[in-house]
Amino acid sequence: MSHVAEELRPDITRLNVGLGERAYDILIGPGLFHEAGERIARLRPGARVGIVTDRHVAERHLATVEAALRAAGLTPTPVIVEPGEKSKCFRVFEEVVDALLAARIERRDLVLALGGGVVGDLAGFAAAALRRGVDFVQAPTSLLAQVDSSVGGKTGINSRHGKNLVGAFHQPILVLADSDALDTLPLREFRAGYAEVAKYGLIDNAPFFGWLERKWQEVFEGGPARIEAIATSCASKAAVVSRDEKETGDRALLNLGHTFGHALEAGAGFSQRLLHGEAVAVGMAQAFRFSARQGLCTQADAVRVATHLKTVGLPTRIQDIPGDLPDTDGLMDLIAQDKKVSRGALTFILARGIGRSFIARDVDPAELRAFLEAERAAI
Ligand SMILES: NC(=O)c1ccc[n+]([C@@H]2O[C@H](COP(=O)([O-])OP(=O)(O)OC[C@H]3O[C@@H](n4cnc5c(N)ncnc54)[C@H](O)[C@@H]3O)[C@@H](O)[C@H]2O)c1
Ligand SMILES: O=C(O)C(=O)C[C@@H](O)[C@H](O)[C@H](O)COP(=O)(O)O
Ligand SMILES: [Zn+2]
């Protein structure tokens with residue numbers, strides 16, 4: 001990537017995910033979709049580009065991106081899926097792969113994921129599988145995708161057995177996070193993405209969590225605080241991914257709130273009843289309450305976490321989720337399918353305090369069950 005364009009655009013933040021020959025840039029700032037063609041053509045001049053997107057995003061942003069690609073001599077073919085988590089499934093995966101093959105996307109061509117985390121995970125997995133692997137670019141359009149899912153190369157789909165159980169590690173070659181795209185994102189979706197922003201503070205950056213407590217309204221309103229929150233989140237994620245690409249060690253910290261959260265998402269049928277970020281918010285509040293119950297962190301820290309999440313309008317308890325959920329046995333079964341489970345031993349991300357998360361292996365199932373029962377009984 002040339003530095004010249006960034007020097008001409010001081011409003012663009014450029015980060016790098018240091019992965020040797022698979023290193024890539026993350027660009028964050030306004031107007032990037034208008035420059036998508038020029039920036040992608042520098043990496044793959046003359047390429048065919050299969051643009052995987054969803055209907056909501058297509059209605060708002062596809063024309064801009066397509067025009068930019070054509071102007072730079074690239075040949076785009078859109079592949080449009082239905083919005084929502086249910087599209088992360090085998091049926092839609094097959095449809096996307098078939099559409100990309102029909103568009104003759106070859107090994108030196110590209111897949112462009114234009115959308116939220118659902119499109120990013122689905123398109124990334126399609127790119128990983130297509131002709132045994134073609135390159136892909138992430139053009140994230142939701143807050144969640146700009147701060148988390150577009151970075152790090154986890155791609156995949158859900159199975160009837162649980163969340164993200166089929167997939168591949170496949171890194172993008174570029175991430176273009178156009179902050180203007182967030183202007184069309186519904187508030188509920190923005191809030192859900194905010195849960196993953198707060199996650200970075202809770203994992204290992206207490207000052208960032210404190211900053212969010214003071215500045216969250218500015219982050220929601222847009223402007224410099226929003227860009228700063230996105231850049232801080234991406235920098236945290238890039239650092240973890242660079243040192244542990246395939247989650248053999250501390251990348252698992254990025255799973256804070258996800259062991260509980262994924263079970264709840266699956267329990268809610270991957271439906272609009274509970275968005276991924278909302279599930280993570282409940283899961284993080286639970287991880288801190290579970291930690292406090294085990295004497296690992298103070299009750300005050302657990303309350304502080306839940307209070308901030310509640311203040312921004314996120315759910316923090318099972319009771320905040322509308323509709324029926326599996327009972328404790330059902331949740332335990334779903335948790336048993338978590339990818340961090342090893343030879344049956346449960347792994348959770350727990351905390352000794354805000355910004356002091358750690359990987360807890362061999363969590364006692366009896367203690368977990370008692371905690372889930374207590375959570376269910378809480379008013
Ligand atoms: N791979 C990873 O590392 C990783 C990390 C975090 C989450 N995820 C996955 O990401 C998914 C959640 O992503 P998400 O929250 O972006 O959900 P999503 O992709 O479903 O997008 C949320 C909703 O907002 C709409 N939308 C997106 N951008 C828009 C825009 N700019 N304007 C208007 N509407 C827009 C979408 O059409 C959809 O209806 C989950 O499947 C989760 O498992 C993956
Ligand atoms: O990138 C990671 O690593 C993460 O854990 C980020 C999470 O926010 C994300 O939801 C991820 O898809 C969960 O990974 P999984 O391995 O538990 O499916
Ligand atoms: Zn997540």
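Ligands are counted one by one from 1 in listed order, and the atoms in each one are counted from 1 as well. Note that the structure is predicted; figures quoted are calculated from it, not measured.
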Does K340 come within less than 4.0 Å of E247, counting only side-chain N to carboxylate O? no
Closest protein heavy atom to atom 17 (O) of ligand 2, given as residue, atom name and distance to 0.1 Å: N255 ND2, 3.0 Å
Tell me which protein heavy atom sits closest to atom 21 (O) of ligand 1, plus the residue, atom name and distance to 0.1 Å. G116 CA, 4.1 Å
Check whether any N or O atom of D54, backbone or side chain, sits under 3.5 Å from an N or O atom of ligand 1, and answer yes or no. yes
Does ligand 2 have an atom under 4.0 Å from some heavy atom of H262? yes
Run the salt-bridge test on E106 and R48 with the 4.0 Å N-O cut-off and return the result as yes or no. yes
Looking only at distances, please establish whether an N/O atom of ligand 1 is found under 3.5 Å from an N/O atom of T141. yes
For ligand 1, which part of L185 has a heavy atom less than 4.0 Å away: the side chain, the backbone, both, or neither? both
For K237, is at least one N or O under 3.5 Å away from an N or O on ligand 2? yes
Confirm or rule out an N/O/S atom of E196, from backbone or side chain, lying less than 2.8 Å from the Zn ion (ligand 3). yes
Whether the Q337 and H262 side chains hold a donor-acceptor pair (N or O, under 3.5 Å, no angle test) is what I'd like checked. no
Exercise: do S271 and K86 side chains pair donor with acceptor under 3.5 Å: no
Ion pair check, R289 and E375, cut-off under 4.0 Å: yes
Where is the nearest protein heavy atom to atom 15 (P) of ligand 2: which residue, which atom, and how far? K339 NZ, 3.3 Å
Could you tell me whether R191 and E278 have a side-chain N and a carboxylate O separated by less than 4.0 Å? no
So does E221 pair up with R226, basic N to acidic O under 4.0 Å? no
So which bit of L182 gets within less than 4.0 Å of ligand 1, heavy atoms only: side chain, backbone, both or neither? neither
In ligand 2, the atoms that come under 4.0 Å of a heavy atom of E247 are 3 (O)
V118 N/O to ligand 1 N/O under 3.5 Å: yes
Heavy-atom proximity to atom 25 (C) of ligand 1 ranks first, among R55, E82, H56, for H56
What residue and heavy atom of the protein are closest to atom 7 (C) of ligand 2, and at what distance? H258 NE2, 3.3 Å
If we count only N and O atoms by modelled type, under 3.5 Å, do the side chains of N164 and K88 hold a donor and an acceptor together? yes
Would G117 count as being in polar contact with ligand 1, using the rule that some N or O on each side must be under 3.5 angstrom apart? yes
Examine ligand 2 and decide if any of its atoms is less than 4.0 Å from a heavy atom belonging to K199. yes
Starting from atom 33 (C) of ligand 1, find the nearest protein heavy-atom neighbour and note its residue, name and distance. T184 O, 3.0 Å
Is it true that R293 and E367 have a side-chain N and a carboxylate O under 4.0 angstrom from each other? no
Please could you name the atoms of ligand 2 that H276 approaches to less than 4.0 Å, counting only its heavy atoms? 10 (O)
Is P186 close to ligand 1, meaning an N/O of one under 3.5 Å from an N/O of the other? no
Using distance alone, determine whether H262 and ligand 1 share an N or O pair under 3.5 Å. no
In plain terms, say whether K199 and D148 are close enough for a salt bridge, that is, a side-chain N and a carboxylate O under 4.0 Å apart. yes
Could you check, using the six-membered ring where one of them is a Trp, whether F220 and Y194 have ring centers closer than 6.0 angstrom? yes
Residues E35, R9: salt bridge by 4.0 Å N-O rule: yes
Hey, does E85 come in under 3.5 Å of ligand 1, counting only N/O atoms on both sides? yes
Could an N or O of ligand 1 be found under 3.5 Å from any N or O of R251, whether backbone or side chain? no
Which residue and heavy atom of the protein sit nearest atom 12 (O) of ligand 2, plus the separation: N164 ND2, 3.3 Å
Within the 4.0 Å heavy-atom shell around K154, which atoms of ligand 2 are there? 1 (O), 2 (C), 3 (O), 4 (C), 5 (O), 14 (O), 15 (P), 16 (O)
Can you tell me if E196 contacts ligand 1 (heavy atom of the residue under 4.0 Å from the ligand)? yes
To which protein heavy atom is atom 6 (C) of ligand 2 closest, and what is the distance rounded to 0.1 Å? D148 OD1, 3.5 Å
Looking only at protein heavy atoms, which one is nearest to atom 4 (C) of ligand 1, and how far off is it? S149 CB, 3.2 Å
Region of H258 that comes within reach of ligand 1 [heavy atoms, distance under 4.0 Å]: neither
Between K154 and ligand 1, find which residue part has any heavy-atom pair under 4.0 Å and reply side chain, backbone, both or neither. both
